[in-house]
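Here is the structure we will look at.
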Amino acid sequence: MEVVQLQGRLIEFTSSLFREGFLDDQYTQLQQLQDESNPDFVVEVVSLFFEDSERLLNDLTTTLGQQIVDFKKIDAHVHQLKGSSASIGAQRVKNVCVAFRNFCEEGNREGCLTCLQQVKHEYYLVKNKLETLFKLEQQILQAGGSIPLM
């Protein structure tokens with residue numbers, strides 16, 4: 001595929017991520033921090049987000065599965081997930097975390113379990129979308145092109 005076609009696909013795909021609420025302006029700000037001296041900055045930061053999120057989701061699953069639920073511990077994990085998702089612009093993950101924290105404050109186990117499923121769903125969706133975005137960027141660079149600015 002030609003570089004120009006790949007660049008067009010990247011622009012359209014990225015625009016759809018913003019339109020559909022997967023990403024917000026924080027992701028754009030993250031991109032602006034990337035330069036020639038650190039060309040993999042966004043991929044590195046997002047990869048750290050993936051690692052951290054996987055750990056937090058596993059911890060949440062374990063903690064919510066215990067007979068006596070420690071809602072303070074759950075809230076701390078959700079707060080951390082909310083902060084890290086907000087820092088990369090993963091808007092839909094962040095939004096589910098807001099509702100999740102409300103259920104933690106109420107001590108509502110069923111509400112927390114529902115939110116855990118929702119946050120996992122949104123996390124895996126945005127992870128898949130960002131991995132696709134990074135692959136498109138890689139294809140453009142391998143074809144000798146440059147990443148178009150949004």
Side-chain angles (χ1 to χ4, degrees), residues 6-7 9-142 147-150:
L6 287 169
Q7 289 171 326
R9 280 184 55 203
L10 178 69
I11 290 169
E12 178 50 40
F13 186 71
T14 305
S15 295
S16 75
L17 295 180
F18 285 93
R19 257 192 331 271
E20 296 170 23
F22 286 104
L23 298 176
D24 62 22
D25 289 339
Q26 186 62 37
Y27 185 79
T28 306
Q29 291 178 17
L30 195 63
Q31 287 178 308
Q32 291 170 353
L33 295 173
Q34 184 166 291
D35 58 20
E36 292 83 33
S37 67
N38 197 352
D40 298 325
F41 179 75
V42 174
V43 172
E44 290 170 6
V45 171
V46 171
S47 294
L48 289 172
F49 165 73
F50 291 160
E51 290 172 23
D52 195 41
S53 297
E54 300 274 345
R55 180 186 52 78
L56 288 167
L57 291 171
N58 286 333
D59 289 349
L60 284 165
T61 302
T62 302
T63 306
L64 271 170
Q66 294 178 355
Q67 200 160 6
I68 297 173
V69 176
D70 183 347
F71 288 101
K72 286 192 187 312
K73 187 175 182 180
I74 292 169
D75 186 58
H77 290 319
V78 175
H79 180 70
Q80 191 176 353
L81 183 59
K82 179 181 166 230
S84 61
S85 59
S87 73
I88 68 145
Q91 181 175 295
R92 287 167 50 164
V93 174
K94 178 191 73 177
N95 291 345
V96 175
C97 288
V98 171
F100 203 153
R101 291 196 72 201
N102 290 334
F103 286 119
C104 288
E105 288 173 18
E106 295 169 6
N108 182 334
R109 182 186 204 136
E110 289 307 310
C112 286
L113 286 168
T114 300
C115 281
L116 177 60
Q117 294 312 309
Q118 289 174 334
V119 82
K120 282 181 179 181
H121 176 75
E122 292 299 338
Y123 165 73
Y124 287 112
L125 277 175
V126 79
K127 181 179 182 187
N128 181 274
K129 302 272 186 190
L130 287 169
E131 286 173 341
T132 299
L133 180 74
F134 297 151
K135 284 178 190 163
L136 263 172
E137 289 178 348
Q138 210 47 45
Q139 288 175 336
I140 291 168
L141 294 173
Q142 288 172 349
I147 306 301
L149 297 174
M150 297 297 290

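What you see below is based on every heavy atom in this structure, not just the backbone, and it leaves out hydrogens, waters and symmetry mates.
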*Check ion pair Glu122-Lys94 (N to O, under 4.0 angstrom)*: no

Could you check whether Asp75 pairs with Lys72 (Lys NZ or Arg NE/NH1/NH2 to Asp/Glu carboxylate O, under 4.0 Å)? no

Value rounded to 0.5 Å, distance of [atom1] in [X] from [atom2] in [Y]:
X	Y	atom1	atom2	result
Gln66	Ile74	CD	CD1	8.5 Å
Thr28	Leu33	OG1	CG	11.0 Å
Leu56	Thr61	CG	OG1	10.5 Å
His77	Leu64	NE2	CG	9.5 Å
Phe13	Leu6	CZ	CG	13.5 Å
Leu10	Phe134	CG	CZ	10.5 Å

May I ask you to test the [X]-[Y] pair for a side-chain heavy-atom distance under 4.5 Å?
X	Y	value
Phe103	Leu113	no
Asn38	Glu44	yes
Leu81	Leu57	yes
Leu17	Tyr27	no
Ile88	Leu130	yes
Gln80	Asp52	yes

Compare every heavy atom of [Y] with every heavy atom of [X], then report the nearest pair and how far apart it is.
X	Y	answer
Phe71	Gly107	CZ-O, 3.3 Å
Glu20	Arg92	O-NH1, 2.9 Å
Val78	Cys97	CG1-O, 3.5 Å
Ser85	Phe49	CA-CE1, 3.5 Å
Ala86	Gln26	O-CG, 3.0 Å
Phe18	Leu23	CD2-O, 3.5 Å

**Prompt:** Does atom NZ of Lys127 have more than 12 heavy-atom neighbours from other groups under 6.0 Å away?
**Reply:**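 Enclosed: over 12 neighbouring heavy atoms sit under 6.0 Å from NZ of Lys127.
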
> Ignoring hydrogens and geometry, is there a side-chain-to-backbone donor-acceptor pair from Asn58 to Glu54 under 3.5 Å?
Replying inline: yes

Hey, does the side chain of Gln34 reach the backbone of Pro39 with a donor-acceptor pair shorter than 3.5 angstrom?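 It does hold such a pair.
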
